Amino acid sequence: MTATLTPPAADPAASVRAGAVPRRRTRLLALPEVRWAGAAAALFLLALPLQLAGAPAWIWGPLYALSYVTGGWEPGWEGLKALKGRTLDVDLLMVVAALGAASIGQVMDGALLIVIFATSGALEALATARTADSVRGLLDLAPATATRITADGTEQTVPADELAVDDTVLVRPGERVGADGRVLDGASEVDQASITGEPLPAAKEPGDEVFAGTLNGTGALRVRVERDASDSVIARIVRMVEEASETKAPTQLFIEKVEQRYSLGMVVATLAVFGVPLAFGEAFSEALLRAMTFMIVASPCAVVLATMPPLLSAIANAGRHGVLVKSAVAMERLGRIDAVALDKTGTLTEGTPRVVDVRPLRARGLDEVELLTLAAAAERPSEHPLARAVVDAARERGLDLPAAEGFMSAPGIGVRAVVGGRTVQVGAPARLLAEAEVEVEAEVEAKCAADAGGDTDGVVAALVRELEESGRTAVLVVVDGTPAGVLGIADRLRPDAAATVAALTVLTGTAPTLLTGDNPRAAARLAAEAGIEDVRAGLLPQDKVGAVRELEGAGRRVMVVGDGVNDAPALAAAHIGVAMGRAGSDLALETADAVIVRDELAAVPATVALSRRARELVVQNLVIAGVFIAGLVVWDLAGTLPLPLGVAGHEGSTVLVGLNGLRLLRDAAWKRAAAEGTG
């Protein structure tokens with residue numbers, strides 16, 4: 001189909017990053033859980049120094065009381081509602097323990113328990129809100145309205161969610177596609193980064209498929225709708241993120257079962273410690289004191305702190321080195337992975353196309369410098385990613401680019417301009433050759449073939465085929481109607497990609513898998529350079545999720561590393577999801593459990609090694625906490641444990657495990673993890 005060259009139009013979407021998810025973010029203080037937890041912590045921090053300084057109790061006592069109320073009313077109320085439903089949770093138990101501690105004078109211990117659990121609830125509420133924000137932002141990719149063409153050819157602006165299968169819509173230059181469908185008429189290039197994750201726009205012509213939410217280029221398209229709005233790729237991504245998040249429920253159910261058993265055990269044990277001695281004649285006050293002492297020394301504070309300081313210290317240390325791990329649960333999971341799936345573009349690669357081959361045709365008499373100069377001069381007015389790559393390559397070589405006149409662009413074909421009195425065309429080889437005059441093309445191919453020793457297949461076709469088979473995108477340069485050379489453009493592997501793949505292989509015992517929406521040849525080339533053998537190319541978001549679930553079905557704990565909207569479902573479905581920070585889409589950053597802020601791929605294995613060190617310290621701390629709790633409980637039950645000694649032992653074990661966990665704050669811990677990650 002012959003397209004008419006048209007002058008470039010101003011980009012209507014220049015202010016919107018192509019493929020980006022509109023940012024939605026719930027304000028921190030908009031969450032009541034955060035406000036109550038903040039108030040409880042502030043009151044506690046006001047009361048504690050006053051108490052330690054010896055101030056009268058009437059000064060710091062009310063502050064502690066307010067801390068109890070602000071931080072404990074919500075978990076207490078939820079616990080009462082759970083109790084009404086014949087279940088018992090740790091939140092209610094901790095509120096009771098805090099009140100019990102206060103009843104025997106240990107007000108500070110009880111307030112600390114309240115603050116810890118209120119803060120935990122606030123963090124959980126914030127994580128839930130941020131995930132909901134990111135999913136709602138993804139839905140904003142699809143336009144609110146679309147232009148529907150009626151049977152008589154008139155245009156109607158209708159809500160996009162009212163489009164039905166077989167409707168015809170008009171997508172103007174710079175607009176987002178309103179529905180999944182197939183092109184009926186027109187030619188353009190569509191940015192599909194939000195779906196495939198690939199940085200280069202895809203040429204679209206009649207018969208090609210387009211997706212809702214993708215950004216149209218400079219051409220107009222008439223599209224026949226093939227899916228309802230509720231079944232579009234974007235809508236399916238949203239559902240997959242939500243469904244994958246819900247697959248974590250079995251772990252949560254297991255935790256709830258343990259919580260129930262622990263809570264019931266604590267209640268029964270405390271009542272027994274109080275009631276049995278009382279039944280055998282012990283004084284009421286002594287029995288109550290023994291029961292309260294039991295509740296304090298059996299309190300899970302030491303166990304909670306046995307787990308959190310190592311993980312939080314590891315989070316802080318990783319954060320100082322450019323890795324944001326969003327929760328202690330995520331940090332713990334990082335150390336449990338035994339399989340890795342990597343995205344290609346923007347993860348293993350830099351995500352920016354670059355000119356890697358300049359191949360002039362000898363018959364035209366141009367060398368590499370002249371060919372690149374002409375191509376870059378013609379491409380300079382264009383905003384196409386391939387055009388920018390050509391211009392950047394010329395600037396990196398320090399070439400002076402002459403002015404271009406009469407610049408024109410054709411979607412899916414390329415550009416044309418007059419440079420130094422010569423007409424230069426740069427674009428897709430097949431399209432430009434089809435546009436060339438037959439007799440001129442035949443003459444040039446004959447000269448080229450003669451010069452190449454009688455290559456009857458054609459020098460241009462052979463050169464294009466060679467570049468494409470090596471994973472490059474071939475761009476033909478035509479000067480005065482005859483082919484002058486071919487440029488090879490490709491994404492570039494990150495400098496630390498191969499070392500990272502090797503390190504992850506050592507840490508997990510198996511080589512990573514490559515999951516990409518790119519074509520198989522380009523994917524295979526990059527994988528070979530990075531040292532990856534398991535390559536799965538041409539994948540849509542649901543295919544990536546399927547690959548992750550296949551690995552998990554084989555009993556693997558999978559870590560997915562990606563950066564695009566199309567990676568978000570796989571990030572959510574994986575045991576742990578890691579996003580690249582600089583180029584990562586908002587949805588990927590929100591869905592992922594960890595973010596590599598500086599895009600240093602080598603930080604991934606280092607963080608995994610740091611997580612494993614944190615898990616080792618967690619085990620150490622649990623042993624220490626368990627020994628202290630068991631010893632104090634036995635002492636209280638078998639003898640007479642003085643309350644001050646019980647409190648000292650309880651708090652001492654808490655401090656000990658806390659200090660042990662804080663060892664991971666040191667820079668030496670990161671250096672050790674980095675060495676293990678490269679070893």
Side-chain angles (χ1 to χ4, degrees), residues 1 3 9 11-13 16 18-22 138-241 410-413 428 431 517-519 538-545 564-566 568-569 585 587:
M1 171 181 165
D11 184 5
V16 181
V21 179
L138 176 58
L139 287 173
D140 286 344
L141 275 177
T145 61
T147 303
R148 180 167 60 191
I149 301 176
T150 63
D152 59 6
T154 59
E155 298 178 5
Q156 291 180 339
T157 300
V158 298
D161 57 7
E162 291 185 5
L163 293 175
V165 176
D166 291 333
D167 279 352
T168 300
V169 296
L170 174 64
V171 185
R172 295 185 174 89
E175 291 184 346
R176 289 191 180 273
V177 179
D180 287 6
R182 201 165 297 276
V183 177
L184 293 176
D185 185 37
S188 185
E189 290 178 327
V190 178
D191 188 333
Q192 300 185 144
S194 59
I195 300 298
T196 65
E198 299 309 312
L200 301 180
K204 298 295 181 180
E205 59 183 13
D208 290 337
E209 187 176 19
V210 293
F211 303 105
T214 55
L215 186 64
N216 188 25
T218 57
L221 299 174
R222 292 164 65 94
V223 177
R224 184 181 68 249
V225 177
E226 292 189 338
R227 297 190 189 96
D228 290 330
S230 61
D231 197 37
S232 69
V233 173
I234 287 289
R236 280 183 285 168
I237 291 177
V238 173
R239 286 200 299 271
M240 281 188 290
V241 171
I413 297 179
R431 299 293 185 85
D518 204 354
N519 68 77
L539 304 182
L540 287 174
Q542 59 266 34
D543 302 322
K544 292 187 177 184
V545 173
V565 168
N566 63 306
S585 70
L587 183 65

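Owing to the predicted nature of the structure, the values given are computational and were not obtained by experimental measurement.
Applying the side-chain contact (heavy atoms from CB on, under 4.5 Å) test between R148 and each of L163, T154, V225 identifies L163 as the sole match.
In terms of modelled atom types and a separation under 3.5 Å, the side chain of R224 and the main chain of D166 share no donor-acceptor contact. Side chain of D191 to backbone of P201: no donor-acceptor contact under 3.5 angstrom is found.
Shortest non-hydrogen contact noted between G219 and S188 is N-OG, 3.2 Å. For D161 against A229, the heavy-atom pair with the smallest separation is CA-CB, 3.9 Å. In this structure, P143 and G213 approach most closely via the heavy-atom pair CD-N, 4.4 Å. Nearest approach of E205 to V183, heavy atoms of both residues: O-CB, 3.4 Å. Residues P206 and G186 come closest through the heavy atom pair CD-O, 3.3 Å. Minimum interatomic distance between E175 and L170 (heavy atoms only, all atoms of both residues): OE1-O, 3.9 Å.
Taking CG of D208 as the start and CG of L184 as the end, the distance is 11.5 Å to the nearest 0.5 Å. Atom CD of E155 is separated from atom CZ of R172 by 4.5 Å, given to the nearest 0.5 angstrom. Between Q156 atom CD and T147 atom OG1 the span is 10.0 Å, to the nearest 0.5 Å.
With a 4.5 Å cut-off on side-chain heavy atoms, E189 and T218 do not count as touching. Residues V190 and N216 form a side-chain contact, since some pair of their non-hydrogen atoms from C-beta on lies under 4.5 Å apart.
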